[in-house]
Amino acid sequence: SSRPRLRVNPGFQGQLKLYEAMGCAVDTSSILYKRYRLEMLSERFSEPQDLPREVFAVDPTTICQTLNTEVLYRCRKCRRALFRSSSILSHAEGIGPTAFAHKRITDSARLSGNGQEKCTSYFIEPVQWMEPALLGVMEGQLLCPKCTSKLGSFSWRGDQCSCGRWVTPAFQIHKSRVDEVRTLPVGNFQTAKT
């Protein structure tokens, strides 16, 4: 009250809101926390050289195959396990292609969409197999570590989702390049969903 021009730091307010959204506890497995941590890293590093190990999700090929309710995503070409559903960082759906019309779309017929376009990519947290591609560069392609087919791209500055939302940082895997593999509750059989 003695200094009405002083305000609470907006970064601190954001941290308090995040803390409240996580139920007043720090949950490092929360999607909200993972996205916040990546955003802070992208602001801090101009060219990421040494990323903390805890930023990377564990490579699914190094985990014991046990019965799990998590969905596994594999390369469509060579079937190598790439990431688990817990690595997907969801985002609020954007308003569709019209959100970036000033940059990419000029045909007015294509702008008349209903704004409910679906996301054609998964935005995930970095996985251990991505580390060599991420170090020292701000953006590039994400290639399968086994067959080197193109899976998507990454950018520490962010990238556009097909739904119109800008995601920062962006580790984007195209849905058409991976298959979902769900474990059946009975036995050790797996089913692939494309």
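For this chain, numbers begin at 1 and follow the sequence in order.
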To the nearest 0.5 Å, tell me how far [X] [atom1] sits from [Y] [atom2].
X      : Y      : atom1 : atom2 : value
Ser149 : Arg177 : OG    : CZ    : 6.5 Å
Leu82  : Ile173 : CG    : CD1   : 6.5 Å
Leu72  : Asp179 : CG    : CG    : 10.5 Å
Leu151 : Tyr122 : CG    : OH    : 12.5 Å
Ile124 : Ser85  : CD1   : OG    : 11.5 Å
Met138 : Phe154 : CE    : CZ    : 9.0 Å

Could you list who else is in Phe123's hydrophobic cluster, with ILVMFWY side chains joined at under 4.5 Å, directly or through other members?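 Val167, all in the cluster of Phe123.
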
Could you tell me whether a side-chain N or O of Ser162 sits under 3.5 Å from a main-chain N or O of Lys118, the two making a donor and an acceptor?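 Side chain of Ser162 to backbone of Lys118: a pair is present.
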
Without swapping roles, check the side chain of Arg74 against the backbone of Arg79 for a donor-acceptor pair under 3.5 Å.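 Checking the backbone N and O of Arg79 against the side chain of Arg74, a donor-acceptor pair under 3.5 Å is found.
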
Going hydrophobic residue to hydrophobic residue with side-chain gaps under 4.5 angstrom, can you get from Ile88 over to Val71?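 Cluster IDs for Ile88 and Val71 match.
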
Could you state whether Leu143 and Tyr73 fall into the same hydrophobic cluster, counting links through intermediate Ile, Leu, Val, Met, Phe, Trp or Tyr residues with side-chain heavy atoms under 4.5 angstrom apart?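 No, because Leu143 and Tyr73 fall into different hydrophobic clusters, even though each may have its own neighbours under 4.5 Å.
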
Given side chains that start at C-beta, do those of [X] and [Y] come closer than 4.5 Å, heavy atoms only?
X      : Y      : answer
Arg80  : Trp129 : yes
Cys163 : His91  : yes
Ser155 : Pro169 : no
Cys161 : Ser121 : no
Cys144 : Lys150 : no

Charged N-O contact under 4.0 Å between Arg157 and Glu139: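 Yes, charged N to carboxylate O under 4.0 Å.
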
Between Cys78 and Cys75, what is the shortest heavy-atom contact and its length?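 Shortest heavy-atom separation between Cys78 and Cys75 comes out as N-SG, 3.6 Å.
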
Angle between ring planes, Trp156 versus Phe171, binned at 30° and 60°: parallel, tilted or perpendicular?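 Ring orientation of Trp156 relative to Phe171: perpendicular.
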
Decide side-chain contact (heavy atoms from CB on, under 4.5 Å) for Thr120 and Lys175; before the verdict, give the C-alpha distance in whole Å, the side-chain angles of both, and the deciding distance to 0.1 Å. CA-CA 6 Å; Thr120 58; Lys175 289 181 179 181; 5.6 Å; no

Over 12 foreign heavy atoms within 6.0 Å of NZ, Lys77: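 No, because the 6.0 Å sphere around NZ of Lys77 holds 12 heavy atoms or fewer from other groups.
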
Ser176: which residues meet the side chain to side chain contact (heavy atoms under 4.5 Å, CB included) condition with it, sequence neighbours left out?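 Result, side chain to side chain contact (heavy atoms under 4.5 Å, CB included) vs Ser176: His174.
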
Is it true that Gln141 and Ser153 share a donor-acceptor pair across their side chains at a distance under 3.5 Å?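 Per modelled atom types, Ser153 and Gln141 side chains form no pair under 3.5 Å.
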
